[in-house]
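Any value given below was found using the heavy atoms of this structure, including those in side chains, with hydrogens, waters and symmetry copies removed. Note that the structure is predicted; figures quoted are calculated from it, not measured.
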Amino acid sequence: MNLTDLTWPAVAGLAKDIPVVFPLAALEQHGHHLPVFTDSLLMGEVIRRVADAFADRVLFGPLMWLGNSDHHLDFAGTLSAPPRTYLDLLNGLAENFLHHGFRRLVFLNGHGGNDVPGKQAVFELRQRHRQRDDVLFLFGTYWSLGTGSAGADAACTQQEMGHACEWETSMILRMAPQLVGDYQTAPDVEFGRPFTPATRGWITQERTKPGHIGYPRLATAEKGERLFERFTRDVSALLERVISWNGKDWNG
Ligand SMILES: [Zn+2]
């Protein structure tokens, strides 16, 4: 069910072990061929596909479209909550729901820049509420939840999520083709090897001039449908685990 549709007495009457899901996304540049709302559109579509199966078992918050996109600020149209602001925002949202009695919080993410502050938020929440033994704080990114790598899907050339890439372009082609510009002539932009396995601080401008990373020209709506189906399965499996968690154990 959607939080936005409920009255406050209806929220007050919910069982407090029901998982609360906050979808997180972004509004940021996605190259010359995809709209700035791409991450929010894609996260919204995955949630839409998942939601029916959890109609009365999960409480979905509205999608948080403002993400941490500081690394894209050199490109016009990008809006960003700076990392520490975003961290505070996620902490505050989670505290609201703890205050209302809920115990199982899931940040479901659809934007790479939210990854570090999102993981930090669930870490901080657990430390702050260390006296509790009945809470679950999770953060997960929808394209990283599967057991196999993306390459397990032989239909796609890309082995990982890029940016406005084969994957994202395929999914937007599937759900809103009228929003896709000329992706066939977009140049390939390699992922590179930026001192891996060390983690390098980066800004998007130093990795790509057009704004995308990956191979948009390989996109098709059929690949988009396969990706959506896979991510819908992965997210659904995670939510089933959260629902069936016994409320105490480390293993879930
Ligand atoms: Zn994206």
Side-chain angles (χ1 to χ4, degrees), residues 23-48 63-83 86 108-118 141-144 149-151 153 155-194 196 199-228 230-231:
L24 307 176
L27 190 159
E28 65 179 23
Q29 73 84 17
H30 270 72
H32 289 239
H33 62 285
L34 291 183
V36 293
F37 213 47
T38 290
D39 287 352
S40 294
L41 291 170
L42 296 179
M43 187 72 264
E45 174 65 9
V46 172
I47 293 289
R48 189 188 69 76
L63 183 138
M64 175 62 65
W65 62 264
L66 180 63
N68 167 41
S69 298
D70 272 19
H71 48 315
H72 290 284
L73 280 173
D74 296 308
F75 297 84
T78 298
L79 302 179
S80 178
Y86 192 65
L108 193 58
N109 178 46
H111 165 53
N114 298 342
D115 190 59
V116 171
T141 298
Y142 74 77
W143 63 80
S144 303
S149 77
D153 186 343
C156 288
T157 301
Q158 268 182 223
Q159 303 294 302
E160 59 185 304
M161 179 60 105
H163 188 69
C165 55
E166 179 188 26
W167 292 13
E168 288 194 315
T169 306
S170 292
M171 289 188 283
I172 297 289
L173 275 175
R174 173 66 183 88
M175 68 175 288
Q178 74 280 9
L179 297 179
V180 181
D182 178 13
Y183 63 98
Q184 291 100 334
T185 62
D188 292 351
V189 177
E190 301 300 332
F191 288 76
R193 201 164 51 81
T196 48
T199 298
R200 179 176 179 177
W202 58 282
I203 55 174
T204 310
Q205 197 180 38
E206 65 193 343
R207 296 183 60 177
T208 169
K209 293 306 171 209
H212 66 268
I213 297 167
Y215 319 119
R217 66 182 170 81
L218 301 176
T220 67
E222 291 70 29
K223 290 179 184 177
E225 176 60 27
R226 290 171 64 103
L227 289 163
F228 273 134
R230 195 173 105 224
F231 298 144

Which pair of heavy atoms, one from [X] and one from [Y], lies closest together, and at what distance?
X	Y	result
P83	P117	O-CB, 4.1 Å
Q158	C165	OE1-CB, 3.1 Å
S170	K223	OG-CB, 3.6 Å
H212	P187	NE2-O, 2.6 Å
A81	L66	N-CD1, 3.8 Å
Q159	W167	C-CZ2, 4.0 Å

Nearest-0.5 Å distance, [atom1] of residue [X] to [atom2] of residue [Y]:
X	Y	atom1	atom2	result
L227	E166	CG	CD	7.5 Å
F191	M161	CZ	CE	9.5 Å
Y86	D70	OH	CG	12.5 Å
I172	L179	CD1	CG	7.0 Å
F228	E45	CZ	CD	4.5 Å
L63	M43	CG	CE	7.5 Å

Check whether any side-chain heavy atom of [X] sits under 4.5 Å from a side-chain heavy atom of [Y], and report yes or no.
X	Y	result
E168	P216	no
L24	L108	no
L42	Y142	yes

Exercise for review: Applying side chain to side chain contact (heavy atoms under 4.5 Å, CB included), name anything that partners V36, two or more places apart in sequence or on another chain.
Suggested key: L27
Exercise for review: Give the C-alpha distance, both sets of side-chain angles, the deciding distance and a yes or no for side chain to side chain contact (heavy atoms under 4.5 Å, CB included) between W65 and D39.
Suggested key: CA-CA 8 Å; W65 62 264; D39 287 352; over 6 Å; no
Check your understanding: Are R217 and D188 close enough, and set up right, to give a side chain to side chain contact (heavy atoms under 4.5 Å, CB included), and what steps lead you there?
Key -> CA-CA 8 Å; R217 66 182 170 81; D188 292 351; 2.8 Å; yes
Review point. Is there a donor-acceptor pair under 3.5 Å between the side chain of T78 and the backbone N or O of Q29?
Key: yes
Point to revise | Side-chain donor or acceptor of N68 paired with backbone N/O of N114 under 3.5 Å | key: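 No: the side chain of N68 does not pair with the backbone of N114.
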Practice item. Determine, step by step, whether E190 and Y215 satisfy the side chain to side chain contact (heavy atoms under 4.5 Å, CB included) criterion, reporting the C-alpha distance in whole Å, the side-chain angles of both residues, the deciding distance to 0.1 Å, and the verdict. Key: CA-CA 8 Å; E190 301 300 332; Y215 319 119; 2.6 Å; yes
**Study point:** Aromatic plane relationship, H30 with H163 - under 30° parallel, 30 to 60° tilted, over 60° perpendicular
**Key:**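 Rings of H163 and H30: tilted, 30 to 60°.
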Check your understanding: Angle class for the H72/H111 ring planes (parallel below 30°, perpendicular above 60°, tilted otherwise)?
Key -> tilted
Exercise for review: Would you kindly say whether T204 and H71 are connected by a side-chain donor-acceptor distance under 3.5 Å?
Suggested key: no
Review point. For R207, which residues count as a side chain to side chain donor-acceptor pair (under 3.5 Å) partner, sequence neighbours excluded?
Key: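 Testing R207 for side chain to side chain donor-acceptor pair (under 3.5 Å), a comparison that skips the adjacent residues, returns none.
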